[in-house]
Novice: 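This is the structure I want to talk about, given as structure tokens.
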Amino acid sequence: MDTWRIRVGWIDKVKFEMAIQVIRPFFLSGITQIANRARGLRFPHHQASKSLNPDYSMVRPRGIANALWPRVGGRSNIALVVQRGSRVSRLLAQPPCWRAAYSSDAARSRPDVATHPQTVEINGNKYTTDPWFNVSSTVLSLTSRKLHLQKDHPVAITRKIVESVFPPPTYRYYNDFDPVVSTYENFDSLGFPPDHPGRARSDTYYINKDTLLRTHTSAHEAELFRAGASGGFLISGDVYRRDEVDRSHYPVFHQMEGARVWDRNTVPNGDLAAAVLQDLDRLPKHNMTVEDPSPPSHPDRNPLQAEHHTPEEAAAVAAHLKRSLELMVNEIFSRAKAAATAAAGAKNGTTTTTTAAERTEPLRVRWVEASFPFTSPSWELEVFYQGDWLEVLGCGVSKHELHAHASGPSRMGWAFGIGLERIAMLLFRIPDIRLFWSRDVRFLSQFRGVEDDLARLRPFVPFSKYPACYRDVSFWLRGASAAGGGGGAGAGKAAADWHGNDLMEVVRDAAGDCVEDVRLVDEFVHPATGRRSMCYRINYRSLEKTLTNAEANEMHGRVTRALVERLGVEVR
Ligand code: FA5
Ligand code: MG
């Protein structure tokens, strides 16, 4: 095969994540399809692909980088072998392009084409914006929905089930922290480096340079550790990420954070490991098969915080963490299975969405090494679901610094973060993440009464599947040679400044929830002019009705005009 070896010398994880962002579109249908279709892409450690969740579309670049990094990590000079002339090889051949697009410097300098309000009001508080502001009106309007607090909403029901596994008085619940937080809370307090890609405006919704919509519930960890009140806590809340559009991604979703802390000064004989093991012994057992092939820690891939924790302490905390989360997954899946069985047994003539094989299939879960700035060692928990490994949560032994800064250097414990929609999609078999935001009675009525009586939980019965309407849009980015002459939109996106998430947001704003997914289907650089052309395929499919051709055309016209106006592209 005609291949080309690119030495990119990715010596640190941040750069690795940036590269994953760039090559991500080529993974979109899963790693096997890359091997078959785009062919050329292969990590030097071939096992890497095995650690990748095949349902790649549900994992963000950070998740993929986390999954791959333990396999490629520790190598100072990583090479990618790509097929000569393939699209991915052209992309990777332009390092200045991706580097600029993902660095926070680029984010800072990027001009904002759309005008933005001077102030915004979120949950009753007024904020002054600045040129960092990038929150769309659609996203702003969702800040008041708080699905995790709506009685009988599937997100709230899922939250309640998770809470039941982490009972008071050990755990305290915090469900109404404001989603507007400082960059300090969301990033600095957790040890994110200043150039971490998660900070870029392409990934995060900023209100102003110092204030943002939290990207995860971990933003409240440091504050609660500082308060130091009880042995553990759970936080649930809406989180915001600029991301692509498909059936498993929405710019707003819900997370649940959990943490547990022990203190050497208060456990018997100061023996923290023994105290943790005793608590572990008190937890219920389960009979689920769990694959956990990696060692409790690894010096390069998943290090122990050796200056602060003994191996025995870390192993005890990890064992307590893993058992607690396995119990949670077991609870969810037992309920899902009971619901499916009840629905299959019902003689009311409704069709069920599960097969007999799915109802009897044994649950398989596994632990995978991961990496987060605020835990070490770290893991992700994956569940085998409908033929694929699906990542449901990230977790680890909390970094000593978090406790030390919170005036508790004698403390140690674990933390996790779970995606509630992702769990709810498995629990209720909800096929499209947009449905969670539906106010359609045909959706909401299916969960009525479940919060107070979980025995009434049943798989979601889709009320219809309306036809898809595909429309393509092709355009030129404002390339180097066309600078200043870009069709009257001088401030448009130059190739080096382009980020797919900007387009996703414009599409979402112009066509709302009628867009099921948006995919990059073609991309090339003009050999003579160096200008970059892209073609995106948009699938318009309403959850509530059949769209007429005229409606789809009208919506596509709106989207196209918005792309020209807000991103300055030149439609071909
Ligand atoms: C985090 O957000 C970390 N804060 C989790 C954590 C907490 C780690 C405490 C260690 C200690 P991550 O980006 O992987 O990590 O997201 C955590 C979970 O949120 C994922 O496992 C997934 O279940 C869910 N999630 C992430 N992105 C999305 C998305 N775009 N759509 C739906 N669910 C998502
Ligand atoms: Mg992850």
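Whatever order the structure lists them in is the order used to number ligands and atoms, beginning at 1. In what follows, every heavy atom counts, from backbone to side chain, and hydrogens, waters and symmetry copies are set aside. What you see is a predicted model; the values in this text were computed from it and never measured.
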Novice: Between Glu421 and ligand 1, which residue portion shows a heavy-atom distance shorter than 4.0 Å: side chain, backbone, both, or neither?
Specialist: neither
Novice: What are the atoms of ligand 1, with element, lying closer than 4.0 Å to any heavy atom of Ala415?
Specialist: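 Taking each heavy atom of Ala415 in turn, ligand 1 has 9 (C), 11 (C) under 4.0 Å.
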Novice: Regarding ligand 1, does Phe253 bring an N or O atom to under 3.5 Å of one of the ligand's N or O atoms?
Specialist: no
Novice: Is it the case that over 12 heavy atoms from other parts of the model lie below 6.0 angstrom from the CZ atom of Arg537?
Specialist: no
Novice: Measure from atom 17 (C) of ligand 1 to every heavy atom in Arg241, Met425, Met256, Gln255 and give the option owning the shortest one.
Specialist: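 That would be Gln255.
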Novice: Between Asp432 and Arg541, does at least one N-O distance fall below 4.0 Å, as a salt bridge requires?
Specialist: no
Novice: Determine, for Asp292 against Lys322, whether the closest basic-nitrogen to carboxylate-oxygen distance falls under 4.0 angstrom.
Specialist: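 Between Lys322 and Asp292 there is a salt bridge, with a charged N closer than 4.0 Å to a carboxylate O.
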Novice: Quick check: His216 and ligand 1, any N/O pair under 3.5 Å apart?
Specialist: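 Yes.
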Novice: Using a strict cut-off of less than 4.0 Å between a Lys/Arg side-chain nitrogen and an Asp/Glu carboxylate oxygen, indicate whether Asp263 and Arg411 qualify as a salt bridge.
Specialist: yes
Novice: For Gln255, which of Val239, Leu420, Asp238 qualifies under side chain to side chain contact (heavy atoms under 4.5 Å, CB included)?
Specialist: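 Going through Val239, Leu420, Asp238 one by one, the side chain to side chain contact (heavy atoms under 4.5 Å, CB included) with Gln255 is satisfied by Val239 alone.
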Novice: Are any of the N/O atoms in Val392 less than 3.5 Å from those in ligand 1?
Specialist: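 It does: an N or O of Val392 is found under 3.5 Å from an N or O of ligand 1.
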Novice: Near Glu221, which atoms of ligand 1 are under 4.0 Å from a heavy atom of that residue?
Specialist: 9 (C)
Novice: Under 4.0 Å from any heavy atom of Asp243, which atoms of ligand 1 are there?
Specialist: 30 (N)
Novice: Can you tell me which portion of Val239 lies within the under-4.0 Å heavy-atom range of ligand 1? Options are side chain, backbone, both, or neither.
Specialist: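 Neither; nothing of Val239 gets under 4.0 Å from ligand 1.
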Novice: Suppose we call two aromatic rings close when their centres sit under 6.0 Å apart. Are Phe192 and Phe372 close by that rule?
Specialist: no
Novice: With a 4.0 Å cut-off, would you call Glu516 and Arg434 a salt bridge?
Specialist: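 Counted as a salt bridge, because a side-chain N and a carboxylate O are separated by less than 4.0 Å.
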Novice: Within ligand 1, which atoms have a heavy atom of Leu393 less than 4.0 Å away?
Specialist: 21 (O)
Novice: Do the ring centers of Phe460 and Phe443 come within less than 6.0 Å of each other?
Specialist: yes
Novice: At a 4.0 Å threshold, what atoms of ligand 1 neighbour a non-hydrogen atom of Gly419?
Specialist: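 With Gly419 as reference, the close atoms of ligand 1 come out as 18 (C), 19 (O), 23 (O), 24 (C).
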Novice: Does Glu257 reach ligand 1 with a nitrogen or oxygen that is under 3.5 Å from one of the ligand's nitrogen or oxygen atoms?
Specialist: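 N/O-N/O distance below 3.5 Å does not exist for this pair.
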Novice: So which bit of Cys395 gets within less than 4.0 Å of ligand 1, heavy atoms only: side chain, backbone, both or neither?
Specialist: backbone
Novice: Would Phe177 and Tyr174 count as a close aromatic pair, with their ring centres under 6.0 Å?
Specialist: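 Here the rings of Tyr174 and Phe177 have centres that are less than 6.0 Å from each other.
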Novice: Heavy-atom pairs closer than 4.0 Å: do any link ligand 1 to the side chain of Thr375, the backbone, both, or neither?
Specialist: side chain
Novice: Would you call Arg214 and Asp178 a salt bridge, using N to O less than 4.0 angstrom?
Specialist: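 Not counted as a salt bridge, because no side-chain N and carboxylate O are separated by less than 4.0 Å.
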Novice: Taking the six-membered ring where the residue is Trp, are the ring centres of Phe447 and Phe428 under 6.0 Å apart?
Specialist: yes
Novice: Measuring from the heavy atoms of Phe374, does anything fall under 4.0 Å of ligand 1?
Specialist: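 Phe374: in contact with ligand 1 (<4.0 Å).
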Novice: Evaluating non-hydrogen atoms only, which member of Ser371, Gly396, Gly394 is closest to atom 6 (C) of ligand 1?
Specialist: Gly394
Novice: Give the atom name of whichever N/O/S atom in Glu391 sits closest to the Mg ion (ligand 2).
Specialist: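 Minimum-distance N/O/S atom of Glu391 relative to the Mg ion (ligand 2) is OE2.
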